[in-house]
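When reading the values below, keep in mind they use all heavy atoms of this one structure, side chains included, and skip hydrogens, waters and symmetry mates.
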Amino acid sequence: MNAIDFLMKEHTRVRTMLKDISDDSHHFATKRKNFNVLAQELLRHETMEHEIWYPHFRDRLPDTVKHLLTEEKVAEIEIKKLDALKTQEAWEEYFLKFKKDVDHHAQEEKRELFPEVRKLLTASQLEDIGHELYQFKKMHS
């Protein structure tokens, strides 16, 4: 699977997890537990992108990568804030912001980054990077 398809699949999985956490039928404790799983997935995903994905084009798309890295850093901060919130009302309100921010980040990658990367890298390079991403995920799951 090429790298872009792999990352799109990851984004779909994250959206599914976010939707599940938002489900009003879940108890607050279940939402927090599921969020903790999601948070670990997002941190792994971020590390994977930093170590494997971004180095292939960081120098050719510096502004785009810098912007995405800034958004990822904000997500890390938001994860910590969510973890610290104790009341259900405050947590759910902040979670909605977090969910919106994560979706925005994924949409930016899809609309802005992926088309540019397709111009810079060959199909073979994208396949090789996709394999590297898959192996990273397999080793760190």
Side-chain angles (χ1 to χ4, degrees), residues 1-85 87-141:
M1 175 181 305
N2 81 43
I4 292 172
D5 291 341
F6 177 88
L7 293 170
M8 293 291 289
K9 188 176 175 182
E10 289 264 300
H11 291 171
T12 299
R13 187 167 177 270
V14 166
R15 276 193 199 95
T16 300
M17 293 174 81
L18 287 165
K19 184 178 178 186
D20 181 58
I21 293 166
S22 299
D23 187 333
D24 288 335
S25 70
H26 292 308
H27 293 290
F28 181 49
T30 301
K31 289 181 178 194
R32 287 188 75 118
K33 178 182 167 200
N34 291 347
F35 178 77
N36 289 337
V37 171
L38 172 64
Q40 292 307 307
E41 288 286 321
L42 289 172
L43 294 173
R44 181 214 25 94
H45 178 88
E46 180 182 317
T47 300
M48 180 177 65
E49 286 184 337
H50 291 206
E51 292 181 14
I52 297 170
W53 177 234
Y54 293 144
H56 290 280
F57 51 83
R58 177 180 287 136
D59 295 340
R60 293 185 274 178
L61 298 172
D63 293 338
T64 301
V65 172
K66 182 179 178 181
H67 173 73
L68 294 170
L69 290 171
T70 299
E71 287 183 348
E72 290 172 2
K73 186 52 92 179
V74 168
E76 283 182 45
I77 293 166
E78 288 179 338
I79 287 169
K80 289 177 184 173
K81 284 183 180 179
L82 274 160
D83 193 43
L85 293 172
T87 69
Q88 181 172 351
E89 183 178 326
W91 189 92
E92 288 189 4
E93 182 178 319
Y94 202 83
F95 175 76
L96 290 176
K97 177 193 180 319
F98 176 81
K99 180 180 173 188
K100 181 179 175 185
D101 290 347
V102 169
D103 187 55
H104 170 81
H105 178 79
Q107 289 299 321
E108 274 190 324
E109 285 186 342
K110 180 181 177 181
R111 284 190 320 266
E112 297 171 26
L113 177 65
F114 295 164
E116 291 299 317
V117 170
R118 283 188 201 279
K119 294 175 191 173
L120 296 174
L121 302 176
T122 66
S124 177
Q125 288 173 311
L126 288 171
E127 286 294 327
D128 291 345
I129 298 166
H131 180 73
E132 289 179 58
L133 294 170
Y134 173 78
Q135 291 301 319
F136 182 95
K137 182 177 179 179
K138 190 173 164 183
M139 286 180 54
H140 295 90
S141 291

Decide yes or no for [X] and [Y]: does some side-chain heavy atom of the first lie under 4.5 Å from some side-chain heavy atom of the second?
X	Y	value
L68	E108	yes
W53	V117	yes
F28	T87	no
K9	R13	no
E78	D101	yes
M1	H131	no
D20	H26	yes

Which value, rounded to the nearest 0.5 Å, describes the distance between [X] atom [atom1] and [Y] atom [atom2]?
X	Y	atom1	atom2	value
R15	H11	CZ	NE2	7.5 Å
M8	T12	CE	OG1	6.0 Å
I79	F35	CD1	CZ	5.0 Å
I21	K33	CD1	NZ	12.0 Å
I77	L82	CD1	CG	12.5 Å
Q107	D103	CD	CG	5.0 Å

If you look at every heavy atom in [X] and [Y], which pair is closest and at what distance?
X	Y	answer
R32	D83	NH2-O, 2.9 Å
L120	R60	O-NH1, 3.6 Å
K99	S22	NZ-OG, 3.3 Å
N2	I4	OD1-N, 2.8 Å
F6	K137	CZ-CD, 3.9 Å
D5	R118	OD1-NH2, 4.4 Å

Can a side-chain donor-acceptor contact be found between E49 and H45 if the only test is distance below 3.5 angstrom?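 Note: H45 and E49 side chains meet the donor-acceptor criterion.
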Taking atom CD of E93 as the centre, report whether more than 12 heavy atoms of other residues, nucleotides or ligands fall under 6.0 Å from it. no
Does OH in Y134 sit with more than 12 non-hydrogen atoms of other residues, nucleotides or ligands closer than 6.0 Å?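 Counting neighbours around OH of Y134, 12 or fewer heavy atoms of other residues, nucleotides or ligands fall under 6.0 Å, so no.
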Under the 3.5 angstrom rule, does the side chain of [X] hit a backbone N or O of [Y] as a donor-acceptor pair?
X	Y	result
Q125	T122	yes
H56	I129	no
R58	K66	no
H140	F136	yes

Are R44 and E41 within salt-bridge range, i.e. N to O under 4.0 Å? yes
Determine, for K73 against E76, whether the closest basic-nitrogen to carboxylate-oxygen distance falls under 4.0 angstrom. yes
Which residues share a ring pair (Phe, Tyr, Trp, His ring centres under 6.0 Å) with H67, sequence neighbours left out: none
Please walk me through it: do E72 and V102 pass side-chain contact (heavy atoms from CB on, under 4.5 Å)? CA-CA 9 Å; E72 290 172 2; V102 169; over 6 Å; no
Taking the six-membered ring for Trp, are W91 and F95 parallel (under 30°), tilted (30 to 60°) or perpendicular (over 60°)?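 Judged by the thresholds at 30° and 60°, the geometry between W91 and F95 is parallel.
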Criterion side-chain contact (heavy atoms from CB on, under 4.5 Å) on Y54 and L61, from CA distance to verdict: CA-CA 9 Å; Y54 293 144; L61 298 172; over 6 Å; no
Can you list the steps and then say if H105 with E109 is a side-chain contact (heavy atoms from CB on, under 4.5 Å)? CA-CA 6 Å; H105 178 79; E109 285 186 342; 3.2 Å; yes
